[in-house]
Amino acid sequence: MFFDRRQAPREPIALSIVLPNGATAVTRDVGPHGMYLRMPLDQRLDDWVRLEIDLARSGLHLSAVGQVLRTERGERSIGVALRLHSLQLRVLD
């Protein structure tokens, strides 16, 4: 039996994220306390990563610090589960 240990539900949404090293990742799902993203096989993340995401359609900018909980190597990409800390939203200029 599967028990979901998440603090809050996640929404299936694909957002493009530019990682600190300039590579691009795409989210699979996002929630207030975490997200799962896929990134190219040749990329690596430290245990902690700063995320900066412009949500242009909504006129918002999201910033957070992500703690890497696990990575899963797939055939074409690496999946990364992140717990979000210090989440902040601001209106885009």
Side-chain angles (χ1 to χ4, degrees):
M1 184 183 293
F2 173 74
F3 292 101
D4 190 351
R5 298 182 299 173
R6 294 179 178 154
Q7 292 177 348
R10 292 195 188 167
E11 296 297 323
I13 186 168
L15 297 172
S16 182
I17 299 174
V18 178
L19 300 172
N21 63 3
T24 302
V26 177
T27 63
R28 179 186 74 186
D29 55 52
V30 179
H33 302 286
M35 69 173 53
Y36 189 90
L37 56 88
R38 296 204 177 275
M39 62 184 192
L41 286 171
D42 62 345
Q43 298 300 309
R44 300 288 177 263
L45 291 179
D46 292 331
D47 291 339
W48 292 85
V49 61
R50 172 158 290 288
L51 302 169
E52 301 288 338
I53 307 168
D54 283 338
L55 305 168
R57 283 181 156 177
S58 61
L60 297 171
H61 177 84
L62 178 144
S63 64
V65 176
Q67 178 185 11
V68 175
L69 299 179
R70 73 178 184 282
T71 59
E72 301 170 336
R73 184 179 174 90
E75 278 186 39
R76 300 180 187 180
S77 62
I78 296 174
V80 181
L82 297 174
R83 175 175 292 142
L84 298 179
H85 301 268
S86 305
L87 182 71
Q88 297 179 351
L89 285 173
R90 70 172 173 80
V91 176
L92 285 170
D93 298 327

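Quick note: residue numbers are just sequence positions, from 1.
Shown here is Arg76, whose CZ atom has no more than 12 heavy atoms of other residues, nucleotides or ligands within 6.0 Å.
Taking CZ of Arg90 as the reference point, atom CG of Asp93 lies at 5.5 Å (rounded to 0.5 Å). Atom CD of Gln67 sits about 4.0 Å away from atom NE2 of His85, to the nearest 0.5 Å. From Leu89, atom CG reaches atom OG of Ser58 across 8.0 Å, with rounding to the nearest 0.5 Å. In this structure, the separation between CZ on Arg38 and CD1 on Ile17 is 13.5 Å, given to the nearest 0.5 Å. Taken to the nearest 0.5 Å, the CD atom of Glu75 stands 9.5 Å off from the CG atom of Leu41. We find the OG1-CD1 distance between Thr71 and Ile78 to be 6.5 Å, quoted to the nearest 0.5 Å.
Identified under the ring-ring contact (aromatic ring centres under 6.0 Å, His included) test for residues 65-84, with sequence neighbours left out: none. The side chain to side chain donor-acceptor pair (under 3.5 Å) analysis of residues 41-50, with sequence neighbours excluded, yields the pairs Asn21-Gln43.
Taking both residues in full, the closest heavy atoms of Pro9 and Pro32 are given as O-CD, 3.8 Å, listed atom of the first, atom of the second, then distance. Of all heavy-atom pairs spanning Ala56 and Leu92, the tightest one is CA-CD1, 4.0 Å. Of all the heavy atoms in Ala14 and Val26, the pair that sits closest is CB-CG1, 4.0 Å. Residues Leu84 and Gly66 come closest through the heavy atom pair CD2-CA, 4.4 Å. Contact detail for Ala64 and Leu87: the closest heavy-atom pair is CB-CD1, 3.9 Å.
Checking side-chain atoms of Thr27 against main-chain N and O of Ile13 turns up a donor-acceptor pair under 3.5 Å.
In this structure, the side-chain hydrogen bond (donor to acceptor under 3.5 Å, both in side chains) partners of His61, at least two apart in sequence or on a different chain, are Glu52, Asp54.
Residues Val30 and Arg10 form no side-chain contact, since every pair of their non-hydrogen atoms from C-beta on lies 4.5 Å or further apart. Within the 4.5 Å cutoff, no side-chain heavy atoms of Leu60 are placed close to those of Leu62. When side chains are defined from C-beta on, Leu19 counts as touching Leu45, because their heavy atoms get closer than 4.5 Å. Within the 4.5 Å cutoff, no side-chain heavy atoms of Leu82 are placed close to those of Leu69. Using a 4.5 Å cut-off on side-chain heavy atoms (C-beta onward), Met35 and Leu51 make contact.
When hydrophobic clusters are built by joining Ile, Leu, Val, Met, Phe, Trp and Tyr residues whose side-chain heavy atoms come closer than 4.5 Å, directly or via intermediates, Val49 is grouped together with Val80. Cluster membership for Leu37 and Leu15, using ILVMFWY side-chain heavy atoms within less than 4.5 angstrom, is shared.
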